[in-house]
There are 2 protein chains.
Amino acid sequence: MTTSSYAVLALLNLRPWTGYELTQQAQRSLRYAWPKSERLLYSEPKKLVELGYATTHKEKSGNRSRNVYEITTEGREALGEWTRSRTQPPRIEIEVLLRLLFADHGSTKDLRRALDELEADIREHHDAIIELMASYLDGGHPFPERTHLSVLFATFQIEVFKTIERWIEFARHEIDDWPTTQDLRITPRTEALTRLLADDRHP
Amino acid sequence: MTTSSYAVLALLNLRPWTGYELTQQAQRSLRYAWPKSERLLYSEPKKLVELGYATTHKEKSGNRSRNVYEITTEGREALGEWTRSRTQPPRIEIEVLLRLLFADHGSTKDLRRALDELEADIREHHDAIIELMASYLDGGHPFPERTHLSVLFATFQIEVFKTIERWIEFARHEIDDWPTTQDLRITPRTEALTRLLADDRHP
DNA sequence: CACAATATACTGCAATATGCAGTATATTGT
DNA sequence: ACAATATACTGCATATTGCAGTATATTGTG
């Protein structure tokens, strides 16, 4: 049982889902905490069935069938064990920052473009989650009694996205002052901010 | 060529490294932008050699040998292509937030513990990067002429870590007000913050 | 100075996860 | 009527992880 297995099990604990519905739900909300491929979301429930944590049956809509998955009592027990287990450390992959680290191999233009692309991605996520929250505040949550969880979760995402957007602005101003990507050693703006951030931590 | 391959190639562009050194460097600084396993860091340079982007030779220290990798001209060209290519979207995996989303299956105590563990992990990273930056500000960067890049990169990490630490404080207060993890619908504190964050975006 | 602990320096392998192509039916829009 | 899009998956090659295993070098401690 991987974390992804538990994620699917936790969804099945709410109601029965078809494979396709699981992929859609993963895309709509899970992805902000646990981004996984569509492919995996089709595989996981099958594994749960093998382990006895879910049952499956085919449902027909016309000439086409789909697999419906339901949690079992053992599945609910397994979920309880997960809740009590140790958590995993967070993992943050930002390719654009990798490019920044090695930006002296390219031009300032390349670096600016990379930042613009990061900004577009973050903005997209930010907009999507703001919209989702707006619908939740209007009472549109699919499980109204669970709204408090989704909303607390969303405040995390929104605060992080805002921070990233602010940093991109800062970084853009900084880079605009660079004549080239190379040989600058340290610059006044980054030195000032770094000292501020460090003092803030160990005054 | 994967992004991880380019990450190693970018390191080789600075100087020759042994396999072991690459794993250490990945652990020290790359991990904040591109966290990859030690195992992969041993495999990637071999792939680069196969592709002609690096050369390798064995060096002996006593009775033990180690593999030293060096970039080739073709490798430097490949690196240039990467710089000009499209970036990848960021990917943020936080298992504790997945637990939050499904926290109604467990107790408030489980949820609090999960937040404590997240806080410990973030604090550890935060401390590590503050310390690294302090040494850089003192002129201790391994490639002094590249300090501006590391420092700008670090400001990102530190701002994000600070935001997460603040959110954990907020979430702790919120959860302390919950009599249970279930059936709360929306709460005043989260509703207020969500409206604030949404207005902040679309005033 | 002996010896334990830790650091250096990897490799093999099973399990996990991704991305893409392929297949087919149902619904919606023009 | 027909094209585009949504629904509903599966197979396969490749990427990545985690863990166990192997071996030598260095450092710290009693």
Side-chain angles (χ1 to χ4, degrees), chain A residues 1-9 11 16-28 30-31 33-51 54 56-69 82 85-86 88-93 95 98, chain B residues 1-9 11 16-28 30-31 33-51 54 56-69 82 85-86 88-93 95 98:
Chain A
M1 290 288 285
T2 65
T3 300
S4 302
S5 315
Y6 286 115
V8 171
L9 199 55
L11 282 175
W17 303 73
T18 71
Y20 181 71
E21 282 172 337
L22 288 171
T23 66
Q24 299 310 296
Q25 188 57 25
Q27 190 52 26
R28 280 183 66 247
L30 288 197
R31 94 170 129 145
W34 200 247
K36 293 292 146 179
S37 66
E38 194 196 40
R39 190 65 189 78
L40 187 65
L41 269 288
Y42 274 118
S43 304
E44 285 299 345
K46 292 185 167 191
K47 235 176 53 184
L48 294 177
V49 171
E50 267 179 52
L51 290 166
T56 180
H57 67 272
K58 284 201 189 295
E59 231 182 51
K60 265 186 205 110
S61 54
N63 215 330
R64 189 171 52 172
S65 75
R66 54 196 197 158
N67 304 308
V68 183
Y69 299 95
W82 178 57
S85 69
R86 293 274 311 182
Q88 279 174 32
R91 182 193 174 97
I92 301 179
E93 268 178 25
E95 197 237 32
L98 185 64
Chain B
M1 289 289 286
T2 64
T3 300
S4 303
S5 313
Y6 287 115
V8 170
L9 200 54
L11 282 175
W17 303 75
T18 70
Y20 181 73
E21 282 172 338
L22 288 171
T23 66
Q24 299 310 296
Q25 187 56 26
Q27 189 53 27
R28 280 183 68 247
L30 288 196
R31 92 169 131 146
W34 200 247
K36 294 292 147 179
S37 67
E38 193 196 41
R39 190 63 188 81
L40 188 66
L41 270 288
Y42 275 118
S43 304
E44 285 299 344
K46 292 185 167 190
K47 236 175 53 186
L48 294 177
V49 170
E50 267 179 51
L51 290 165
T56 181
H57 68 270
K58 286 204 187 290
E59 231 181 51
K60 267 187 204 110
S61 55
N63 215 330
R64 188 172 52 174
S65 76
R66 55 195 197 159
N67 304 307
V68 183
Y69 299 96
W82 177 57
S85 69
R86 293 273 312 180
Q88 278 175 31
R91 179 193 177 96
I92 300 179
E93 269 178 24
E95 197 237 32
L98 185 65

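FYI, side chains are in, hydrogens and waters are out, and symmetry mates aren't considered; it's all heavy atoms of this structure. In what follows, chains are A, B, ... by sequence order, proteins preceding strands, each numbered from 1.
- Atom CD in A/E38 sits roughly 11 Å away from atom C1' in C/dC20 (whole-Å rounding).
- Here the straight-line distance linking atom CG of A/L48 with atom OH of A/Y6 works out to 9.5 Å at 0.5 Å rounding.
- Listed nucleotides: C/dT16, D/dT16, D/dG18. Nearest to the side chain of B/R39: D/dG18.
- Taking both residues in full, the closest heavy atoms of A/L98 and B/A33 are given as N-CB, 3.8 Å, listed atom of the first, atom of the second, then distance.
- The pair B/K47-B/E50 does not meet the salt-bridge criterion, since no charged nitrogen lies less than 4.0 angstrom from a carboxylate oxygen.
- To the nearest 0.5 Å, the span separating CZ on B/R31 from CG on B/L41 amounts to 12.5 Å.
- For A/R91, no side-chain nitrogen or oxygen approaches OP1 or OP2 of C/dA17 to under 4.0 Å.
- Distances shorter than 4.0 Å separate none of the side-chain N or O atoms of A/K36 from OP1 or OP2 on C/dT16.
- A/T2 has a side-chain polar atom (N or O) that falls below the 4.0 Å cut-off from OP1 or OP2 of C/dA17.
- When both distances must be under 3.5 Å, the Watson-Crick or G-U wobble mate of C/dT30 is D/dA1.
- Considering only side-chain atoms of A/R64, the nucleotide from D/dA23, C/dT18, C/dA24 that sits closest is C/dA24.
- At whole-Å resolution of the value, NZ in A/K60 and P in D/dC9 are 13 Å apart.
- Within 4.0 Å of B/P45, counting heavy atoms only, lies no atom of the nucleic acid at all.
- Contact annotation for A/E59: no contact, since no heavy-atom pair falls under 4.0 Å across all strands.
- When both pairing distances are held under 3.5 Å, C/dA15 makes a Watson-Crick or G-U pair with D/dT16.
- Counting non-hydrogen atoms under 4.0 angstrom, A/K46 reaches the backbone sugars and phosphates but no base.
- Residue contacts shown for B/S43 are absent, as no nucleic acid heavy atom lies under 4.0 Å away.
- Contact annotation for A/S65: backbone-only contact, meaning every heavy-atom pair under 4.0 Å involves sugar-phosphate atoms and none involves a base.
- Ion pairing between B/K36 and A/E93 holds under the 4.0 Å rule for side-chain N and carboxylate O.
- At whole-Å resolution of the value, CD in A/E93 and C1' in D/dT16 are 10 Å apart.
- Across D/dA15, D/dT10, C/dT8, the shortest atom-to-atom separation from the side chain of B/Q24 is found for C/dT8.
- Between A/N67 and D/dC9 there is a side-chain N or O to OP1 or OP2 distance below 4.0 Å.
- Here A/S4 lies in heavy-atom contact (under 4.0 Å) with sugar-phosphate atoms only.
- Across the protein-nucleic acid pair, B/Y42 atom OH and D/dA20 atom C1' stand 15 Å apart, rounded to whole Å.
- The partner of C/dA24 is D/dT7, judged by Watson-Crick or G-U wobble contacts that both fall below 3.5 Å.
- Residue-level contact check: B/E21 touches neither bases nor backbone, having no heavy atom under 4.0 Å from any strand.
- A donor atom on one side chain and an acceptor atom on the other are found under 3.5 Å apart for A/Q88 and A/T3.
- Taking only side-chain nitrogens and oxygens, A/Y20 comes nearer than 4.0 Å to OP1 or OP2 of D/dT7.
- Judged by closest nucleotide on DNA chain C, B/G19 is the one of B/G19 and A/W34 placed further toward the 5' end.
- Following rounding to the nearest Å, B/E95 (CD) and D/dT17 (P) show an atom-to-atom distance of 17 Å.
- Minimum interatomic distance between A/P35 and B/R91 (heavy atoms only, all atoms of both residues): O-NH2, 2.8 Å.
- Rounding to whole angstrom units, CG of residue A/L41 and P of C/dT18 are separated by 9 Å.
- Between A/L40 atom CG and D/dG11 atom P the separation is 16 Å, expressed in whole Å.
- Spacing between atom CZ of A/R66 and atom P of D/dC9 amounts to 8 Å, rounded to whole angstrom units.
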